Amino acid sequence: MMKKCVHIITILIAFLVLLTGVCSTAAEGKGIASIDDLEGKKLAVPSSTVQDIYIQKHYPNLELQRYNLEADMMQALQNERCDAAIMDDIICYALARKFDNVTILKNSPVPENHMAVVFNKEQKELHRQFNEFLNGLRESGELETICDNWIHRFETTPMPKLNIPTEGEPIRVGMEPCTEPTVFVRNGEIVGLDAELIMRFAAHIGRPVEIMSMDYDGLIPAAVSGKVDMASSGLLVTEERAESVLFSDPYYASGSCIAILSKNAAGNAPVVKDTKPEGKGITCIDDLAGKKLAVPSSTVQDIYLQKHYPHLELQRYNLEADMMQALQNERCDAAIMDDIICFALARKFDNVTILKNSPVPENHMAIVFNKEQSELCRQFNAFLKGLRDSGELKTICDNWIHRFETTPMPRLNIPTEGEPIRVGMEPCTEPTVFVRNGEIVGLDAELIMRFAAHIGRPVEIMSMDYDGLIPAAVSGKVDMSASGLLVTEERAENVLFSDPYYASGSCIAVLTKNAGDVQSIAAGAPSAPQETRGFWAGIKRSFHRNIIAEKRYMLLWDGLKLTIYLSVWAALLGTVLGAGVCYLRMRKSPLLQRIAKTYIDLMRGTPILVLLLLMNYVVFANWKNGGIAVAIITFALNFAAYVSEMFRAAISSIDRGQTEAGIAMGFTPLRTFVYIVLPQAVQRVLPVYKGELISLIKTTSIVGYIAIQDLTKASDIIRGRTFDPFFPLIMAAVLYFLLAWIFGTGLDWIGRRFNATTNDEEQP
């Protein structure tokens, strides 16, 4: 009987549990339609806000999760660590636009409130001035426009350029710069609805602004204590707060919204529609907010966009060819560059659209001269005027811009003797300067060669990165630079510009599938048909285009020879110098030790690229013997710092007793070191030395920054012509590997021979 009772009770309990589970499932299945459906669920609220206070008071049974940032609340919702999140409506709209799976409920129970700026109670005059300023914005209609811009277009709305004083007593403003669209950071600048109002107010009353970033919880206390004069980050007016601070007149009527995952929304839930903009495609630069825009580094486009579109995410490249390749691989959404370069590159692809409406103003291409070459600049201007008057300049430009693939370089009588004109160029960009059949050609190249023939002087072309063209002219490394350089006021402070030879605009290139319904510039047919081939046929074709065609293998061969030359001389000089530094480091004199240690710390603590640029453009700025010697000296100095410490460690590892024994046997200290200590030290240092030598060989790949056409620079030149990164980079990688292997194997052989010789000497 007892067993039957137990079975019956067990069955009843199981039935009740099952019934509870079914009811619970049914309850869950109906979804969330309002805050009443959140009973037993987790609701995220922004800490110490109107929503937090209201929900605590009117819904004490809800389980609240408090966060400092609304962005963290939305992330918690995405990760399902909470079931819903309640916050100010404009913040909710902004965050929800970043997710496709979020639904916003209309029926938040929290009453509508007003956003206003908070003032310390002693700042009554500042408070009065702000209200007058705000009233002026409201009456003119500007306030509504400002709010509308930030609420609906916060990704692309720029901050206005205002004349805010930098001197005088600043307005101390507390802000929490973590919440779109009220106050947030974009490209290192604090922006947003509240930020614009504060900056406009500061410009209006003529006082500088000191922004003090702090957590939301600290804004009111900071205003109360006088740590700040005013605070503004979407703060809502409440009676409790008004007892401690002064509130400005409101600038926005704010409601609250509840955000939930769409899969959890009830079928009849009242929701806010259209929180996310439709994908209309790219029609202009304003459509690139939140997307990646490729720009050529240190160019007019780069400088202009930094200044006028600070919110854009820029990707900087040294080569326009790399920018177009990144666009093809969809690593960026658009690319902006000089129009003639864009036309040339776009002709190689049938899936690129060029937009007409670039915001960068038209500029002028000109030749750059060192300021001491004023006579050379005058001669070039006279030569250019002659071309312009005769109509030849227009013909030259037209040929290279529209027919750069087939336009030949003229055959000119350029002298081979006499003082050469040293010209800096970046030979990687069609149609201005590029390499074809081993010859530097292009619009700028033809102008330079015609000029050299005109004045009867030979030309020495110095290949370098675009970033180095202006510094090379400033420092006197070159007499002139030419690679589609545009005239700017900043550049004109440091160099001389010739008269312009081409009026250049800028173009934005996008993939055709991403372009909106806009007028575009036709780039013309691709210069080479896009053929569908098998894998091996494609490899064969790519090998021919990158290595065989136009004898491009000679570029790699010349670059390889130069890399070997640099590596060998830098290693030899660095080894000798390192031995000298090691000698100083191991002397008993504290002064000599300190000198050696300072040198080692300085060399090891300075990035090798920075050191190379310093040596080329500062230390040896007036040395006109070329960059190869500068590179060798730089690498040797850096190599010596590491080698000296290797030598010291190896010598120190030899037991001191061996030195004492050698001296006791009648050896001089020098002979003891040469015959006893040094052989053992060499055995121990060779493996480490080999690794550092291989590192030196690879480090030489940066010399392209100072106009040396090494192996890496040769691969860049080829890529700039073929748009095929595979073979040029693979060939460069293979050649660097072979170099490292050959040098490493050679040192291993020396080590084995040295060990064998040492062992033979040790045998009786």
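What you see is a predicted model; the values in this text were computed from it and never measured.
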Asks: What residues, two or more places apart in sequence or in another chain, satisfy ring pair (Phe, Tyr, Trp, His ring centres under 6.0 Å) together with Y502?
Replies: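 Ring pair (Phe, Tyr, Trp, His ring centres under 6.0 Å) list for Y502, sorted by chain: empty.
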Asks: Starting at OG of S475, measure out to CG of N370 and round the result to the nearest 0.5 Å.
Replies: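 It is 8.0 Å, given to the nearest 0.5 Å.
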Asks: Take a 6.0 Å sphere around NZ of K561 and say whether it holds more than 12 heavy atoms from other residues, nucleotides or ligands.
Replies: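 Yes, the 6.0 Å shell around NZ holds more than 12 heavy atoms from other groups.
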Asks: Run through I697, L611, V703, V630 and flag the one making a side-chain contact (heavy atoms from CB on, under 4.5 Å) with F635.
Replies: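 That would be V703; it is the only one of I697, L611, V703, V630 passing the side-chain contact (heavy atoms from CB on, under 4.5 Å) with F635.
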Asks: How about Q301 and L314: do any of their side-chain heavy atoms sit closer than 4.5 Å?
Replies: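 The answer is no, as the side chains (C-beta and beyond) never meet within the 4.5 Å cut-off.
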Asks: Under 4.5 Å between any side-chain heavy atoms of V433 and P427, yes or no?
Replies: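 Yes, at least one pair of side-chain atoms sits under 4.5 Å.
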Asks: What residue among Y501, F497, F451 forms ring-ring contact (aromatic ring centres under 6.0 Å, His included) with F380?
Replies: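 Exactly one option meets the ring-ring contact (aromatic ring centres under 6.0 Å, His included) with F380, and it is F451.
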Asks: Does a side-chain heavy-atom distance below 4.5 Å link L562 with I628?
Replies: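 Touching, per the 4.5 Å side-chain cut-off.
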Asks: Decide yes or no for L469 and V368: does some side-chain heavy atom of the first lie under 4.5 Å from some side-chain heavy atom of the second?
Replies: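 Counting from C-beta outward, L469 and V368 never come under 4.5 Å.
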Asks: Of all heavy-atom pairs between C507 and I354, which one has the smallest distance, and what is that distance?
Replies: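 Smallest interatomic distance, heavy atoms only, reads CB-CG2, 3.5 Å.
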Asks: Look at the side chain of R491 and the backbone N and O of L486, then say whether any donor-acceptor pair between them is shorter than 3.5 Å.
Replies: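 Yes, the answer is positive, given that a donor and an acceptor are paired below the 3.5 Å cut-off.
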Asks: Is the backbone N or O of S483 less than 3.5 Å from a side-chain atom of D444, with the two atoms forming a donor-acceptor pair by type?
Replies: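 Checked: pair present.
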Asks: Applying salt bridge (Lys or Arg N to Asp or Glu O under 4.0 Å) as the test, list every pair that has at least one member in residues 295-305; sequence neighbours left out.
Replies: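 Every pair satisfying salt bridge (Lys or Arg N to Asp or Glu O under 4.0 Å) with a residue in residues 295-305: D302-R316.
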Asks: List the residues meeting side-chain hydrogen bond (donor to acceptor under 3.5 Å, both in side chains) with K690, not counting sequence neighbours, and say none if there are none.
Replies: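 Counting only residues at least two positions away or on another chain, K690 forms a side-chain hydrogen bond (donor to acceptor under 3.5 Å, both in side chains) with D748.
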Asks: Give, for atom OG of S481 and atom CD1 of I448, the distance between the pair rounded to the nearest 0.5 Å.
Replies: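 Separation between the atoms: 9.0 Å.
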Asks: Is it true that a side-chain atom of T745 and a backbone atom of W741 form a donor plus acceptor pair closer than 3.5 Å?
Replies: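 Yes; at least one donor-acceptor contact below 3.5 Å.
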Asks: Under the side-chain contact (heavy atoms from CB on, under 4.5 Å) rule, what do C332 and L293 come out as? Steps first, then yes or no, please.
Replies: CA-CA 6 Å; C332 65; L293 175 62; over 6 Å; no
Asks: Grab the two heavy atoms, one from A445 and one from M425, that are nearest each other, plus how far apart they are.
Replies: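 Heavy atoms only, the tightest pair is CA-CE, 3.8 Å.
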Asks: Looking only at non-hydrogen atoms, find the nearest pair between D339 and S504 and report the distance.
Replies: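 That would be OD1-OG, 3.6 Å.
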Asks: Between R604 and A641, which heavy-atom pair has the shortest distance, and what is it?
Replies: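 What the structure gives for the nearest pair is CG-CB, 4.0 Å.
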Asks: Within this structure, what is the CD1-CD1 distance for the pair I421 and I461, rounded to the nearest 0.5 Å?
Replies: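 Taking CD1 in I421 and CD1 in I461, the distance rounds to 9.0 Å.
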Asks: Within the side chain of S701, is there an N or O that forms a donor-acceptor pair under 3.5 Å with the backbone of K698?
Replies: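 Yes, S701 side chain to K698 backbone: donor-acceptor pair under 3.5 Å.
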Asks: Just how far is it from atom CD of E692 to atom OG of S695, taken to the nearest 0.5 Å?
Replies: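 The distance works out to 5.0 Å.
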Asks: Scan F743, Y642, F639 and name whichever one has a ring-ring contact (aromatic ring centres under 6.0 Å, His included) with Y689.
Replies: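 Only one of F743, Y642, F639 forms a ring-ring contact (aromatic ring centres under 6.0 Å, His included) with Y689, namely F639.
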Asks: State, yes or no, whether a side-chain contact exists between I285 and L305 at a heavy-atom distance under 4.5 Å.
Replies: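 The answer is yes; the side chains approach within 4.5 Å.
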Asks: For the pair V478 and V423, evaluate side-chain contact (heavy atoms from CB on, under 4.5 Å) and give the outcome as yes or no after the intermediate values.
Replies: CA-CA 6 Å; V478 297; V423 184; over 6 Å; no
Asks: Roughly how far apart are L556 CG and L735 CG, rounded to 0.5 Å?
Replies: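 Answer for the CG-CG pair, L556 versus L735, is 6.5 Å.
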Asks: Test of understanding: with side-chain hydrogen bond (donor to acceptor under 3.5 Å, both in side chains), list the residues that count as partners of E330, not counting sequence neighbours.
Replies: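 If we apply the side-chain hydrogen bond (donor to acceptor under 3.5 Å, both in side chains) test to E330, skipping adjacent residues, the hits are K513.
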Asks: Using every non-hydrogen atom in the two residues, find where A509 and V352 come nearest and quote the distance to one decimal.
Replies: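 Residues A509 and V352, closest heavy atoms: CB-CG1, 4.0 Å.
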Asks: Could you go through the side-chain contact (heavy atoms from CB on, under 4.5 Å) check for M462 and R422 one step at a time?
Replies: CA-CA 7 Å; M462 304 177 70; R422 295 168 303 143; 4.2 Å; yes
Asks: Would you say that F404 contacts V441 through its side chain, given a criterion of any heavy-atom pair below 4.5 Å between the two side chains?
Replies: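 Side-chain contact under 4.5 Å: no.
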Asks: Check for a donor-acceptor pair, side chain of K161 on one end and backbone N or O of K307 on the other, with a separation under 3.5 Å.
Replies: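 Yes.
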Asks: Counting distance only, does the side-chain N/O of R450 pair as donor-acceptor with the main-chain N or O of L412 below 3.5 Å?
Replies: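 Absent.
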Asks: At their closest point, which heavy atom of D499 faces which heavy atom of A366, and how far apart are they?
Replies: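 Nearest heavy atoms, D499 then A366: O-CB, 4.1 Å.
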Asks: Indicate yes or no for a side-chain donor-acceptor contact from R436 to the backbone of E405 under 3.5 Å, with no hydrogens or angles considered.
Replies: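 It does hold such a pair.
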Asks: In Å and rounded to the nearest 0.5 Å, what is the CD1 to OG1 distance from I401 to T432?
Replies: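 Between I401 CD1 and T432 OG1, I get 10.5 Å after rounding to 0.5 Å.
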Asks: May I ask you to test the L485-I367 pair for a side-chain heavy-atom distance under 4.5 Å?
Replies: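 No - every pair of side-chain heavy atoms lies 4.5 Å or more apart.
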Asks: So, does T407 use its side chain to make a donor-acceptor pair with the main chain of N399 at under 3.5 Å?
Replies: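 Side chain of T407 to backbone of N399, a donor-acceptor pair under 3.5 Å: yes, one is there.
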Asks: Can you name the side-chain hydrogen bond (donor to acceptor under 3.5 Å, both in side chains) partners of T406, sequence neighbours left out?
Replies: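 In terms of side-chain hydrogen bond (donor to acceptor under 3.5 Å, both in side chains), with neighbours along the sequence ignored, T406 is linked to no residue.
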Asks: Run the side-chain contact (heavy atoms from CB on, under 4.5 Å) check on M409 and I440 step by step: do they pass?
Replies: CA-CA 9 Å; M409 285 287 285; I440 291 181; over 6 Å; no
Asks: Around atom CD of E417, are there more than 12 heavy atoms of other residues, nucleotides or ligands at under 6.0 Å?
Replies: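 Check fails, neighbour count at 12 or below.
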Asks: Whether K292 and D333 form a salt bridge (side-chain N of Lys/Arg under 4.0 Å from carboxylate O of Asp/Glu) is what I want to check.
Replies: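 Here D333 does not pair with K292 in a salt bridge, since their nearest N and O are not under 4.0 Å apart.
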Asks: Is there a donor-acceptor pair under 3.5 Å between the side chain of K291 and the backbone N or O of L312?
Replies: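 Between the backbone of L312 and the side chain of K291 there is no qualifying donor-acceptor contact (under 3.5 Å).
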Asks: R457 side chain to G418 main-chain N or O, any donor-acceptor pair under 3.5 Å?
Replies: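 Here the side-chain-to-backbone pair does not exist.
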Asks: Please tell me if the side chains of I508 and P359 come closer than 4.5 Å, counting only heavy atoms from C-beta onward.
Replies: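 A side-chain contact under 4.5 Å exists here.
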Asks: Report the residues that fulfil side-chain hydrogen bond (donor to acceptor under 3.5 Å, both in side chains) with K385, sequence neighbours left out, ordered by chain and then residue number.
Replies: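 Scan of K385 (side-chain hydrogen bond (donor to acceptor under 3.5 Å, both in side chains), adjacent residues dropped) gives D389.
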